[in-house]
Amino acid sequence: MGIGTGGAAVVEGLESSMAAFRRLIQEDTALASGACVGTDVDVLQRRYELRLKRLEVVKRLEGQLAAVKARDVADAVEIQHALLAPDAPVHERTYAEMSAVEEIAGVLTISSAAAGALVEHSRRICSLPLVFEALATGDMSWQHARIVADETESVDWTGAAALVAHFFDPDAPQPARGAAPGELVPCRFRAKVRGWRERHHPESIQKRHAKSTADRRMEYTPDKDGMAWVSLYLPGDTACAIWNRTTATARGLQGPDEERTLTQLRPDIAASLLLGAGQMAGEGSTGTAPGTQGVTGIGKVPAPRADVLVTVPVFALLGLTDEPAVLDGFGPIPASMARKLVADGADSFYRVLVDPRDGAPLEIGRKNYRLTEAIKRWIRMRDAKCTFPGCTNRTPDNETDHLQAWQHGGTTGTSNLAQLCPKHHRLKHHSQWTPDPANKNEPPGWTSPTGRHYNPEHPDPEPTHWPPESWPQGSQWPQWLQWAAPALCQCLEASLNNLPQWEPDDDRYVDLNDLPADDPLWAEFLATPFALFPEAIGARP
């Protein structure tokens, strides 16, 4: 416990960080006093850089102090238990821990509930040596460490150890690629950890989703200034569809005569849809169906469709495994939900198949023949969000940008394209932030105006699950694999390079983006059933 179990190393780290902070303060004081007048030093630029360096040291200090705090909190509760007799009854141990939690709350001036959560997080973090070491050295923040504690809470010790090794042990069998945990903003680190956890959880996501669906609810919380919060706890695909529809409708309303921002339009549209349809359903006083008038009113608003990518392992799409799919803008979802989205009429969801050999994306379901649209969706699939360091803006709001400008020789290919949100798109063109080249499977890293380099956030794919019956028994392969093999191999070899390099001049091909909403071809298209591997199905024995 405490100093005797690694605390001395933490103290040494704190002293080293404080020494570095003092040196930076001294240099800045010297610059402010005019000591460098007459030299080649750009005083303002150097003082700017010193503040960035000081922020880096402060960030490290905060992590190191959080490690000291976590160790002392965990030790305080442990010592309180040690003060009791070995055969003390359970209720005495319970009250001893409650007393320790209350004292911690008083010392830190926090609520009892917050102190209880701090104790639980501290215990778990201190029980995971690699996580505690990363925190104690200042390589990540308390927020990052708490994410690991949260995501390992419902898994056993073996599962927690495997998760920690994947993200914190470079010598693990399949360590995480790309940016280190402390280099990712916390919400992106949580998404990455949660994605791995969902794939490796001992209980399938389908079973856990079925249990959680029973907990769906709506919550109402009054707030200050005459405002309030309304929250919905829903299945992921439903929540994602609500968000995408309100966002798309809000974009359609924006124009020179619309003063409301996108953020203001979303709640206005949601309220209009709910209250308009709800009032009509309650009235039911006309011959029209309940809610029709409210829906018609909303229907006058231009509502462009928000296309969403659903990344599905091949065998999960076939129903042979239950491993998670990934819904763009949300994260892991049950395979059954993904199959429903891409097969049961959800025409705004695009299927993305995943190579069962290494987890890499294979092909994108397309409704048109334009290469530009295929490239855009490929970049969306590769980047998943704005590629600027720390940005969490998801793909529906982003733009596909040339990393090297077209007028300066940049090409329209995957190595020179990346997703950027409007804010960072403008920043790139009006500052010295410089992107690295990308490639087919990896988004670009970035270099700041002061020379700091930020690694890209890799998607961290891994091989998908193969159903046990898919392996050959002697020299015989299962019948389903025999008839599916030709199309499956074709998918495995698919890549962006195999897509057509131009739009053919052929009347047989129709670009649906050019069709008006009332064109009868839409009804014909939407009525067409979804088919898996059509070539193979036609060749079945």
Side-chain angles (χ1 to χ4, degrees), residues 1-11 13-15 17-18 58-155 157 160 163-164 181-182 185-187 189-190 193-194 215 217 219-225 228-229 231 233:
M1 290 182 286
I3 297 296
T5 55
V10 176
V11 171
L14 280 168
E15 292 175 345
S17 297
M18 284 303 302
V58 168
K59 181 186 76 170
R60 184 171 296 276
L61 277 167
E62 288 174 340
Q64 293 168 325
L65 287 171
V68 173
K69 186 177 180 179
R71 172 58 71 190
D72 284 346
V73 165
D75 283 354
V77 177
E78 186 178 338
I79 292 171
Q80 187 77 311
H81 281 293
L83 290 171
L84 297 173
D87 58 348
V90 173
H91 72 274
E92 283 189 19
R93 295 192 175 277
T94 300
Y95 284 117
E97 182 161 323
M98 288 174 61
S99 177
V101 169
E102 292 298 339
E103 281 205 288
I104 290 169
V107 168
L108 298 177
T109 320
I110 58 178
S111 68
S112 297
L118 176 62
V119 167
E120 291 304 314
H121 284 136
S122 297
R123 280 172 157 173
R124 182 162 287 273
I125 290 165
C126 291
S127 72
L128 302 170
L130 291 176
V131 179
F132 182 78
E133 180 183 354
L135 183 64
T137 55
D139 289 336
M140 68 176 184
S141 71
W142 169 253
Q143 204 169 351
H144 289 81
R146 194 177 62 186
I147 287 168
V148 180
D150 288 340
E151 297 297 330
T152 56
E153 183 179 5
S154 62
V155 298
W157 175 251
L163 185 150
V164 169
V185 294
C187 65
F189 179 55
R190 184 183 290 278
V193 173
R194 182 164 294 172
D215 294 330
R217 59 189 179 273
E219 295 181 353
Y220 165 72
T221 307
D223 205 352
K224 60 182 179 296
D225 301 329
W229 294 94
S231 305
Y233 183 62

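Hydrogens, waters and symmetry mates play no part in the numbers below; they use all other heavy atoms, side chains included. Keep in mind that what you see is a predicted model, and the values were worked out from it rather than measured.
A search for side chain to side chain contact (heavy atoms under 4.5 Å, CB included) contacts involving Val107 returns nothing, not counting sequence neighbours. Residues satisfying the side chain to side chain donor-acceptor pair (under 3.5 Å) test with Gln80, not counting sequence neighbours, are none. In this structure Arg93 satisfies the side chain to side chain donor-acceptor pair (under 3.5 Å) test with no other residue, sequence neighbours excluded. Not counting sequence neighbours, Trp157 has no partner by the side chain to side chain donor-acceptor pair (under 3.5 Å) test. By the side chain to side chain contact (heavy atoms under 4.5 Å, CB included) test, Glu92 is found to be paired with Leu84, Ala88, Pro89, residues two or more places apart in sequence or in another chain being considered. By the side chain to side chain contact (heavy atoms under 4.5 Å, CB included) test, Ala145 is found to be paired with Ile125, Val131, Leu135, Met140, residues two or more places apart in sequence or in another chain being considered. Shown here are the side chain to side chain contact (heavy atoms under 4.5 Å, CB included) partners of Asp215, two or more places apart in sequence or in another chain: Arg217, Tyr233. Partners of Asp223 according to the side chain to side chain donor-acceptor pair (under 3.5 Å) rule, which considers only residues two or more places apart in sequence or in another chain, are Trp229.
Annotation: side-chain hydrogen bond (donor to acceptor under 3.5 Å, both in side chains) contacts involving residues 101-117, sequence neighbours excluded, comprise Glu102-Ser112. Screening residues 115-142 for salt bridge (charged side-chain N to carboxylate O under 4.0 Å, His left out) gives Arg60-Asp139, Glu97-Arg123, Glu120-Arg123 as the qualifying pairs, with residues at least two apart or on separate chains.
In this structure, SG in Cys126 is found 4.0 Å from CZ in Arg71, a value given to the nearest 0.5 Å. Rounded to the nearest 0.5 angstrom, Glu15 CD and Gln64 CD are separated by 10.5 Å. Atom-to-atom distance recorded for Lys69:NZ and Glu62:CD is 11.0 Å, nearest 0.5 angstrom.
Side chains of Trp142 and Ser122 form a contact here, defined as non-hydrogen atoms less than 4.5 Å apart. Counting only heavy atoms from C-beta outward, the side chains of Leu163 and Val155 never approach each other to under 4.5 Å.
Across every non-hydrogen atom of Ala105 and Ala115, the tightest pair is CB-CB, 3.6 Å. For the pair Ala100 and Val77, the tightest heavy-atom approach, listed with the atom from each and the gap, is CB-CG2, 4.3 Å. Of all non-hydrogen atoms in Ala149 and His121, the two that sit nearest each other are CB-CD2, 3.7 Å.
One N or O on the side chain of His144 and one on the backbone of Pro181 form a donor-acceptor pair closer than 3.5 Å.
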